[in-house]
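As structure tokens, the structure follows; a few thoughts come after it.
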Number of protein chains: 2
Amino acid sequence: MTKQTETIEAQVKIFKALADPTRLEIIRYLNQLDHEVSCGEVDRAMHIGKTSGSYHFKILQAAGLITARKEAREKYVALDQSTFDRYLTHFWQN
Amino acid sequence: MTKQTETIEAQVKIFKALADPTRLEIIRYLNQLDHEVSCGEVDRAMHIGKTSGSYHFKILQAAGLITARKEAREKYVALDQSTFDRYLTHFWQN
DNA sequence: AATATAGTTCAAATATCTTTGAACTATATA
DNA sequence: TATATAGTTCAAAGATATTTGAACTATATT
């Protein structure tokens, strides 16, 4: 696979992950908090069920937009700013 | 509708428009040319049919990512850099 | 040990997106 | 005028994405 094709596939994954109102709201929420929070806390703040939350977190994580850390029962998520920088701020450099 | 909701809807539209490999390739193509071209020329360069091209141009235009100008039989498209600046480069300011 | 909590997985239902050919409008050319 | 070209619209088919409840795993608490 060529380098340009790899880049396009990665970009598509990022943009698909951002192309949903629930996920954009999660991202805004994580950004304004600026520290990691549990999935449950996000679910409650977004007024979504845990099943739906789990689905969205998986997509955000696969795109590299959030980091996740599991501690005992809970999973803590936070923004991965470097991905935003690379794919949004520096869009034309890819 | 609140301002934040408006912003999110606009962002969703932009990101959906970018969340497709054909449309990303169109955008790269328009960017490297850096001048307007006819839809037909883009269709041929992307190896897509005119029906499919028309569909993608409509989505890109509705998102504000391209400008379009009709001259006689032909429609000329070009990137609208200001939208990329506003929604990608300055993502966190929205 | 029994129960509660945090999160995941699965499958079914629904909604949304993309491709395609055929028919169409409008303009250009022989 | 007849024909060709550029692009749009429509509808049908197929592909993807999202929501939901039920069942599940793993950890915490009584």
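Per chain, numbering begins at 1; letters A, B, ... match sequence-line order. Predicted model, so just to flag it, every value in this text is computed and none were measured.
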For Q93(A) and R86(A), which I'm curious about, is there any donor-acceptor pair between the side chains at under 3.5 Å? no
Distance in angstrom units between K16(B) NZ and dT16(D) C1', rounded: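 Rounded to whole Å, this separation is 12 Å.
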To the nearest angstrom, how far is D20(B) atom CG from dA17(D) atom C1'?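 Whole-Å distance recorded here is 14 Å.
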DNA chain C: 5'-proximal contact among A72(B) and E74(A) (nearest heavy atom)
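First, find each residue's nearest nucleotide; the 5'-ward one identifies E74(A).
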Practice problem: State whether R73(B) places a side-chain N or O below 4.0 Å from either non-bridging phosphate oxygen (OP1 or OP2) of dT25(C). | Solution: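 For dT25(C), neither OP1 nor OP2 has a side-chain N or O of R73(B) closer than 4.0 Å.
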Looking at dG7(D), I'd like to know if its phosphate oxygens (OP1 or OP2) sit under 4.0 Å from a side-chain N or O belonging to K70(B).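 Negative; the distance criterion is not met.
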Close approaches to DNA chain D from residues 30-62 of chain A, in residue order (heavy atom, under 4.0 Å):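 Nucleic-acid contacts, sorted: T51(A), S52(A), Y55(A), H56(A), I59(A).
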*Has the side chain of S38(B) got a donor or acceptor atom that lies under 3.5 Å from a matching backbone atom of K75(B)?*
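No, S38(B) side chain to K75(B) backbone: no donor-acceptor pair under 3.5 Å.
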Side-chain donor or acceptor of H56(A) paired with backbone N/O of R23(A) under 3.5 Å: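 Not confirmed, H56(A) side chain does not pair with R23(A) backbone.
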Joint hydrophobic cluster, Y76(A) plus M46(A), side-chain heavy atoms closer than 4.5 Å
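No: no chain of side-chain contacts under 4.5 Å links Y76(A) to M46(A).
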In this structure, CG of L30(A) is separated from CG of L79(A) (nearest 0.5 Å) by 5.0 Å
Walking DNA chain D from its 5' end, the first of R23(A) and E71(A) to be reached, judged by nearest nucleotide, is R23(A)
message: I'd like to know if E71(A) pairs up with R69(A) as an ion pair, taking the criterion as any Lys NZ or Arg NE/NH1/NH2 lying under 4.0 Å from an Asp or Glu carboxylate oxygen.
response: yes
Working for side chain to side chain contact (heavy atoms under 4.5 Å, CB included), residues S52(A) and T22(A):
CA-CA 10 Å; S52(A) 181; T22(A) 300; 5.6 Å; no
Item to check | T22(B) side chain, from C-beta outward: closest of dT19(C), dA4(C), dT16(C) | outcome: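 When the side chain of T22(B) is considered, dT19(C) is the closest of dT19(C), dA4(C), dT16(C).
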Apart from Y55(A) itself, members of its ILVMFWY cluster (side-chain separation under 4.5 Å) are I59(A)
| query | the helix from dA1(C)-dT30(D) to dA30(C)-dT1(D): angle between its terminal axes, five pairs each, to 10°? | reply |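 That helix gives 10° between its end axes.
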